[in-house]
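All remarks here apply to the structure that follows.
Values reported hereafter were calculated over all heavy atoms of this structure, with side chains retained and with hydrogens, waters and symmetry mates removed. Nothing fancy with the numbering, it's 1 onward along the sequence.
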Amino acid sequence: MVQLHVKRGDESQFLFNTTVDAPLETVIQQITAIYNGRLKVDRLCSEIPELADHGIALPPNMQGLTEEQIVELNLKDEWEDKCVPSGGPAFRKDEIGRRNGQAPNDKMKEVLTRTVEEAKALISKKQAQANICVTMEMVKEALDQLRGAVMIVYPMGLPPHDPIRMEFEDEEDLSGTQASLQVITEDECQLWWAAKEMQRGKKLQDYIGKNEKTKLVVKIQKKGQGAPAREPLITDEQQKQMMMHYHRRQEELKKLEEADDDSYLDSEWSDRQALKKQFQGLTNIKWGPR
């Protein structure tokens, strides 16, 4: 199997296994699906803790309003009584006014929090350090874990405007958000290796040969952004080790320089008259009372 270390810019993303005779069209499609799937899991893992802390999302026309403004405008959240967490709610006010404050109790909150940590670990970038390849099945498993936890806590479901439900139903609206800049659609995704774009319509072996035990770093890039920066010749860890070695060497040279002075001239072994004094009995002469 050929192992691809997928990066976006200088940031490691995940490891991906394929074969040399795999069409690049298929490879790009699979890598894009895993990349965007991991982003979806990350977005859910950022939003579900808000659900655990402050309950379901308010309708868009009520978000950001104060209680006085809601009363004045005679607005009502019709989903508040429909979407009640298991075990009853515990009121925890959302200071920014996005959620209704009817949060799950501590036991149900723990279910959501624990599942978020498990899902994040499953598709973590640390998997690459552990030489574990992230697959689409792992991404789907993480999504299923999160969906299951939300269903346990909210058996009646979430409101259709809640961003968590929209993510699960692939109806999320990311326009105008930072998250939208990270997503790369399949048709605009490009795969680069060794400062060359790997063209669709070719096979992986057209670029790397027929050795199935090849490992290489590839970078995904949006179409029209040009070639990504080349990989540095040395890693950050190697640079750190080199700087430590340079610092130790400088300290050693400093100590040698300090030792390379004329202090030895005061030593007894460097006294040119030592032999003469010994014959004359003038060695070990001490002044003062005995």
Side-chain angles (χ1 to χ4, degrees), residues 14 34 36-71 75-127 130 132 134 136-174 176-180 182-183:
F14 55 90
I34 295 173
N36 290 326
R38 290 179 65 256
L39 291 178
K40 178 183 284 288
V41 173
D42 283 339
R43 292 194 299 271
L44 283 165
C45 288
S46 297
E47 195 65 47
I48 289 178
E50 295 295 317
L51 176 70
D53 285 336
H54 305 297
I56 63 173
L58 288 167
N61 63 336
M62 294 177 63
Q63 292 185 15
L65 300 180
T66 63
E67 294 178 5
E68 292 78 11
Q69 289 172 323
I70 291 175
V71 172
L75 299 175
K76 181 174 176 56
D77 181 8
E78 61 182 66
W79 295 95
E80 182 175 337
D81 297 330
K82 299 178 183 179
C83 305
V84 179
S86 298
F91 184 75
R92 286 191 288 268
K93 184 178 180 181
D94 185 3
E95 297 297 335
I96 62 176
R98 287 184 67 239
R99 296 185 172 272
N100 69 355
Q102 302 297 321
N105 59 35
D106 290 341
K107 184 178 179 181
M108 292 294 101
K109 180 180 178 179
E110 174 63 22
V111 171
L112 293 174
T113 303
R114 184 176 65 252
T115 306
V116 164
E117 294 303 318
E118 292 173 356
K120 287 168 67 175
L122 196 59
I123 53 91
S124 171
K125 294 175 182 177
K126 293 182 180 179
Q127 296 282 46
I132 297 175
V134 175
M136 197 59 207
E137 287 71 26
M138 294 169 67
V139 174
K140 290 179 180 177
E141 182 181 349
L143 290 171
D144 289 341
Q145 288 178 352
L146 295 172
R147 184 182 288 105
V150 172
M151 290 181 65
I152 290 172
V153 180
Y154 287 90
M156 301 302 292
L158 297 176
H161 55 266
D162 194 296
I164 295 173
R165 176 172 169 176
M166 296 173 72
E167 287 282 0
F168 284 139
E169 296 178 352
D170 294 327
E171 296 179 354
E172 67 274 14
D173 182 12
L174 303 179
T177 65
Q178 185 66 29
S180 66
Q182 298 176 318
V183 174

message: Suppose the criterion is salt bridge (Lys or Arg N to Asp or Glu O under 4.0 Å): which pairs have a residue in residues 142-154, not counting sequence neighbours?
response: D144-R147
Residue pairs passing the salt bridge (Lys or Arg N to Asp or Glu O under 4.0 Å) test where at least one lies in residues 148-162, sequence neighbours excluded: R99-D162
- prompt: Are the side chains of P85 and V153 in touch, meaning some heavy atoms are under 4.5 Å apart?
  reply: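 In contact.
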query: Is there side-chain contact between R38 and V139, with at least one heavy-atom pair below 4.5 Å?
result: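 Yes, at least one pair of side-chain atoms sits under 4.5 Å.
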What closest approach, in Å, do [X] and [Y] show between heavy atoms, and which atom pair accounts for it?
X    : Y    : value
R92  : H54  : O-ND1, 3.1 Å
P104 : L51  : CD-O, 3.5 Å
A142 : L122 : N-CD2, 3.7 Å
P159 : A57  : CG-O, 4.3 Å
L58  : Q63  : O-NE2, 2.8 Å
C45  : L146 : SG-CD1, 4.1 Å

- prompt: When rounded to the nearest 0.5 angstrom, what distance separates CD1 in I34 from CE in M138?
  reply: 9.5 Å
task: Starting at CD1 of I164, measure out to CG of L112 and round the result to the nearest 0.5 Å.
output: 8.0 Å
message: Working note: N100 + W79, criterion side-chain contact (heavy atoms from CB on, under 4.5 Å); need CA distance, chi angles, decisive distance, verdict.
response: CA-CA 10 Å; N100 69 355; W79 295 95; over 6 Å; no
Listed partners of [X] passing salt bridge (Lys or Arg N to Asp or Glu O under 4.0 Å), at least two apart:
X    : answer
D173 : none
E167 : K40, R43
K109 : D53
K140 : none

Could you pull out all residues at least two apart from [X] that satisfy side chain to side chain contact (heavy atoms under 4.5 Å, CB included)?
X    : result
E110 : R114
P59  : N61, M62, D77, H161
S86  : M108, P155
E169 : R165, E171

task: Return the set of residues passing side-chain hydrogen bond (donor to acceptor under 3.5 Å, both in side chains) with R98 (not counting sequence neighbours), or none when no residue passes.
output: E47
query: K125: what forms a side-chain hydrogen bond (donor to acceptor under 3.5 Å, both in side chains) with it, not counting sequence neighbours?
result: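 Partners of K125 under the side-chain hydrogen bond (donor to acceptor under 3.5 Å, both in side chains) test: E11.
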message: Using a 6.0 Å cut-off, check whether atom CE of M136 has over 12 heavy atoms from anything other than its own residue.
response: yes
